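Each remark here refers to the structure printed beneath this line.
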Number of protein chains: 2
Amino acid sequence: MQLPPTKGRSAPPDALPCCDSCPQAPGCHAAGLVQQPRRGVRLRKGQPLYLIGDPVTALYAIRVGTVKTHVTTGDGRTQVVGFHFPGELVGLDSLTRPRYVSYATALEDTKLCVIAIDPGSAATAAAPALSSQLFPALDYQARRAWAMQTMLALMTAEERLVTFLLWMADGFAARGFSSSAFILRMSREEIGSYVGLTLETVSRQFSRLAETGLIRVRHRCVELLDKPALRIIAERPTISAHTAPDTDAGTEGAAAGSAASNR
Amino acid sequence: MQLPPTKGRSAPPDALPCCDSCPQAPGCHAAGLVQQPRRGVRLRKGQPLYLIGDPVTALYAIRVGTVKTHVTTGDGRTQVVGFHFPGELVGLDSLTRPRYVSYATALEDTKLCVIAIDPGSAATAAAPALSSQLFPALDYQARRAWAMQTMLALMTAEERLVTFLLWMADGFAARGFSSSAFILRMSREEIGSYVGLTLETVSRQFSRLAETGLIRVRHRCVELLDKPALRIIAERPTISAHTAPDTDAGTEGAAAGSAASNR
DNA sequence: CGAAAGGTTGACAATGCTCAACAACTGTGG
DNA sequence: CCACAGTTGTTGAGCATTGTCAACCTTTCG
């Protein structure tokens, strides 16, 4: 946690047992990605998996643990761009690039599979081989980025946090865990950075939701007490798939008529 | 502009001359995507290319014109998710899905190439065939979504608009046009929706930038008078690729020490 | 046990939104 | 070609949400 960055990267690549014994095998985004036996990496809480600017040599699949990807801005601010959970791939955003475009850091003790990438071949040679496996993962990534965009553009603080909690809940549910009581692996500051709020606002909104009886928070332990109500809050500014396709709502130019506004 | 949605889609698919005569041929994201001769579509200002929920039958490459992709939210608000310019692909975000996940609407009179997609095969059969061509486009899309995410999460109104203008300028420059004087094809409201602000704020910030002498605005006509100064404003909260990787700045856990904050 | 990190809460300020009036431009029909 | 209506853009005043600064509490971990 206080180790110099290099330490994390040189972590002993002890060979872990392969997918057969992996708890994430079903539903793993890396399933069948490479045939050769994979190496593993272990990270302790706070250790970096890779740094921005490092040469891209591998893609990682999480076996156990949680990882955040993040960047820093010109004026020293930190921006979390993603949280990654067991079965997910880390490093996808850098796949076509020679060097990583973000940091990846373990939020807790974490074990990962290393999926080696032929240096430089990512965008070209690897494409045919990987694409059928990678496509779903890329698609997933794109869809999530897209959801983030609409969330950041037009949600209030409350809506953002409720949405975030429901995303977390869905993630836990997908992995067979309770979706109504779970532990957040990240700090308030990291949550805030991710959803575009300050840590104080995150804390306040959590308190407010708790007062209302919708959730229950103690430290990083969260209970969703009224999921239907939460869903309503979160889905207020969410995309409506088929909003009356026959009305002229779809046509542009007439958009000014509607009371369209942001936030 | 006031036509029923169906009209736009049934626009006469008059066969346009192929890539040889296309002004966008160099740098076109669709270059070499499909061998067969392509059909074309023409849209007039305000006409939809496709509607959310329509079955995905094609990908489109813009020959001339500008297209916006947008969605509507549960409470009736509109969210612009992308502006698309000549040489770019439209419909990528829906490529792996059976139905379009957004609207696409022409912002001005527009001509497009139709790249037919075997229904349902997008995610599977098409993958090997298309991937090598599609990869750059998907990568580009991912990178842009990512930039949007950081912009929406931590930029002020001024920073967002300057960034937007510079993006536009880069786009024009890449197509051989002046990057210091150009015409915005979209309304203030559409710009605002895209960058997460209200149209009033957009207007006000433009005025303020004009007062400062950094830009010059009349209607939709924009001149960038002091691009270096604009760059400084925009890059203030922008990702720094290699921020002193050796200092402890990269390590997490110590992040609390730095005055990291959002917005 | 004590220090450090993380979380909560309060007071205040400011950015950006809402409502509203008005001005400028576009396009259309007489 | 002009006048009008409709649309788009500008500007102002007030307000609300959220950020800032700061103090204090709680948990964790050495």
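Quick note: numbers below take in every heavy atom, side chains included, and nothing from hydrogens, waters or symmetry partners. Below, read A as the first sequence line, B as the second, and so on, with proteins coming before strands; counting in each chain starts at 1. Since this is a predicted model, take the numbers as computed values, not measurements.
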task = Please list, chain by chain and in numerical order, all residues satisfying salt bridge (charged side-chain N to carboxylate O under 4.0 Å, His left out) with B:Arg204, sequence neighbours excluded.
result =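 Applying salt bridge (charged side-chain N to carboxylate O under 4.0 Å, His left out) to B:Arg204 gives none.
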What is the separation between atom [atom1] on [X] and atom [atom2] on [N], rounded to the nearest whole Å?
X	N	atom1	atom2	result
B:Leu154	C:dG16	CG	P	13 Å
A:Leu107	C:dA5	CG	C1'	15 Å
B:Leu197	C:dT18	CG	C1'	15 Å
B:Glu189	C:dT18	CD	C1'	14 Å
B:Leu152	C:dG16	CG	P	13 Å
B:Arg44	C:dT26	CZ	P	17 Å
A:Arg208	D:dT17	CZ	P	8 Å
A:Arg185	C:dG7	CZ	P	13 Å

ask   = What residues form a side-chain contact (heavy atoms from CB on, under 4.5 Å) with A:Arg231, not counting sequence neighbours?
value = A:Leu166, A:Asp170, A:Lys227, A:Glu235
ask   = What residues form a side-chain contact (heavy atoms from CB on, under 4.5 Å) with A:Ala173, not counting sequence neighbours?
value = A:Ser179
Any donor and acceptor pair, going by atom type alone, linking the side chain of [X] with main-chain N or O of [Y] inside 3.5 Å?
X	Y	answer
B:Ser193	B:Val80	yes
B:Gln205	B:Val202	no
A:Ser178	A:Ser180	yes
B:Thr163	B:Glu159	yes

Residue whose closest nucleotide on DNA chain D lies nearer the 5' end, A:Glu158 versus A:His219 =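 Taking each residue's closest nucleotide, the earlier one in sequence belongs to A:Glu158.
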Upstream residue (5' side of DNA chain D) when B:Arg218 and A:Gln205 are each assigned their closest nucleotide = B:Arg218
message = A:Arg208: which residues meet the side chain to side chain donor-acceptor pair (under 3.5 Å) condition with it, sequence neighbours left out?
response =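 A:Arg208: no side chain to side chain donor-acceptor pair (under 3.5 Å) contacts found.
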note = As a check of understanding: the bend across the helix from C:dC1-D:dG30 to C:dG30-D:dC1, end axes from five pairs, rounded to 10 degrees, works out to 40°
Between protein and nucleic acid, restricted to nucleotides 9-12 of chain C and to nitrogen or oxygen atoms under 3.5 Å apart, what atom pairs and distances do you find?
residue: C:dT9; atom: OP2; partner: A:Ser207; partner atom: OG; Å: 2.5
residue: C:dG10; atom: N7; partner: A:Arg204; partner atom: NH1; Å: 2.8
residue: C:dG10; atom: O6; partner: A:Arg204; partner atom: NH2; Å: 3.2

query = Closest to the B:Thr156 side chain: C:dC25, C:dG7, C:dG16?
reply =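 My answer, after comparing the listed nucleotides, is C:dG16.
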Candidates D:dG9, C:dG7, D:dG19 - which lies nearest the side chain of A:Arg220 =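 Nucleotide nearest to A:Arg220's side chain: C:dG7.
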key: Derivation and outcome, salt bridge (Lys or Arg N to Asp or Glu O under 4.0 Å), residues A:Glu108 and A:Arg185   = CA-CA 7 Å; A:Glu108 57 184 325; A:Arg185 257 44 245 215; 3.3 Å; yes
